[in-house]
Amino acid sequence: MKPITITRLGVAIYVLSALAFTEELVGEITGFYLLNYGWIVHEIVELITLGGFVIGGLLLWYSHRVLHARNAEVERLLHAAQGEFTAMLHALFAHWSLTEAEEDIALLTVKGLTVAEIAEARNTSPGTVKSQNNAIYRKAGVKNRTQLVGAVVEELLEGPDDQQKGNAA
């Protein structure tokens with residue numbers, strides 16, 4: 001059963017138990033019962049209500065555990081993907097023979113920072129950033145920032161099989 005189904009079932013049982021408990025409580029306080037029945041039925045309803053609270057709580061606890069485990073796995077996979085993306089970028093920058101400073105600027109450029117923002121982040125002049133960007137474009141075989149981002153995305157979308165086919169041709 002899916003965690004969301006278990007959660008909904010747990011909530012439904014919990015709500016029904018709460019309604020039964022509320023009806024019993026109002027009856028006890030006011031003496032007015034929606035359903036008038038004997039004390040044996042009253043005790044059975046209380047036991048069923050208690051069972052509903054326990055079962056509903058257990059279902060909610062179980063679905064929380066399952067969803068927490070799934071969330072942890074997704075976070076682990078996301079972290080691994082981020083590491084792979086960073087490794088791919090560094091390999092691509094090494095392939096282009098970028099210097100360490102050019103790698104930093106290329107990374108900030110790919111992230112979408114402007115020349116002024118990159119200059120401020122690196123405590124350098126915009127002219128230096130423009131000069132290094134031009135060197136990056138030349139080494140990467142592109143003409144501008146947009147083509148640089150396109151080259152990075154294209155490299156990301158190419159799988160190892162695509163790269164091997166390109167090398168074999």
Side-chain angles (χ1 to χ4, degrees), residues 1-19 21-22 51-169:
M1 197 178 295
K2 292 182 178 181
I4 191 73
T5 304
I6 294 171
T7 301
R8 288 178 180 159
L9 181 61
V11 168
I13 291 172
Y14 220 82
V15 166
L16 288 174
S17 297
L19 289 174
F21 176 79
T22 303
F53 278 128
V54 170
I55 291 169
L58 287 173
L59 289 173
L60 290 172
W61 171 79
Y62 175 76
S63 66
H64 172 75
R65 278 191 56 209
V66 169
L67 290 172
H68 182 71
R70 182 184 293 171
N71 186 44
E73 177 66 10
V74 167
E75 286 181 5
R76 185 189 66 75
L77 292 171
L78 179 60
H79 184 70
Q82 288 170 336
E84 289 296 319
F85 180 73
T86 301
M88 184 276 310
L89 273 179
H90 287 296
L92 182 61
F93 293 163
H95 175 72
W96 289 340
S97 301
L98 299 183
T99 66
E100 189 176 326
E102 289 170 343
E103 280 191 22
D104 289 344
I105 289 178
L107 182 60
L108 295 172
T109 300
V110 168
K111 286 183 175 183
L113 274 67
T114 65
V115 170
E117 291 170 333
I118 294 170
E120 184 179 328
R122 292 189 40 84
N123 293 324
T124 188
S125 72
T128 302
V129 173
K130 287 179 185 178
S131 174
Q132 287 177 314
N133 263 337
N134 286 329
I136 294 165
Y137 300 156
R138 184 177 28 76
K139 290 178 180 181
V142 297
K143 295 180 182 176
N144 56 39
R145 163 189 300 263
T146 304
Q147 288 182 354
L148 179 68
V149 172
V152 169
V153 169
E154 184 176 325
E155 183 69 22
L156 175 66
L157 294 177
E158 281 186 4
D161 295 337
D162 296 335
Q163 291 172 354
Q164 290 173 356
K165 288 176 189 174
N167 292 340

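Only this structure's heavy atoms are used, side chains among them; waters, hydrogens and symmetry mates stay out.
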(message) To check you understand the geometry: which heavy-atom pair defines the closest contact between Val115 and Arg145, and what is its length?
(response) N-NH2, 3.9 Å
(request) Work out which heavy atom in Ala94 is nearest to a heavy atom in Glu103; give both atom names and the distance. (result) N-OE2, 4.4 Å
Holding to side chain to side chain contact (heavy atoms under 4.5 Å, CB included), I want the full list of residues that pass it with [X], two or more places apart in sequence or in another chain.
X	answer
Val110	Leu148, Val152
His95	none
Glu117	Leu113, Thr114

Could you tell me the separation between the [atom1] atom of [X] and the [atom2] atom of [Y], rounded to the nearest 0.5 Å?
X	Y	atom1	atom2	value
Phe93	Thr99	CZ	OG1	11.0 Å
Glu155	Phe85	CD	CZ	10.5 Å
Ser131	Ile136	OG	CD1	9.5 Å
Leu59	Trp61	CG	CH2	11.0 Å
Lys130	Ile105	NZ	CD1	13.0 Å
Ile118	Gln132	CD1	CD	9.5 Å

Indicate every side-chain donor-acceptor pair of residues 2-16 with a distance under 3.5 Å to a residue at least two apart or in another chain.
residue, atom, partner, partner atom, Å
Thr7, OG1, Pro3, O, 2.8
Thr7, OG1, Ser63, OG, 2.9

Those residues that, when tested against [X], pass side chain to side chain donor-acceptor pair (under 3.5 Å) (two or more places apart):
X	answer
Ser125	Thr128
Lys139	Glu102
Asn144	none
His64	none

(request) Mind checking salt bridge (Lys or Arg N to Asp or Glu O under 4.0 Å) for Arg122 and listing every partner two or more places apart, or none if nothing turns up? (result)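 By the salt bridge (Lys or Arg N to Asp or Glu O under 4.0 Å) rule, Arg122 matches Asp104.
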Within a reach of under 6.0 Å around [atom1] of [X], are more than 12 heavy atoms found that belong to other residues, nucleotides or ligands?
X	atom1	result
Gln147	CD	yes
Tyr62	OH	no
Phe53	CZ	yes

Cut-off 3.5 Å, no hydrogens considered: what does the side-chain donor-acceptor table look like for residues 75-84, sequence neighbours left out?
residue, atom, partner, partner atom, Å
Glu75, OE2, Asn71, ND2, 3.4
Arg76, NE, Glu73, OE1, 3.2
Arg76, NH2, Glu73, OE2, 2.7

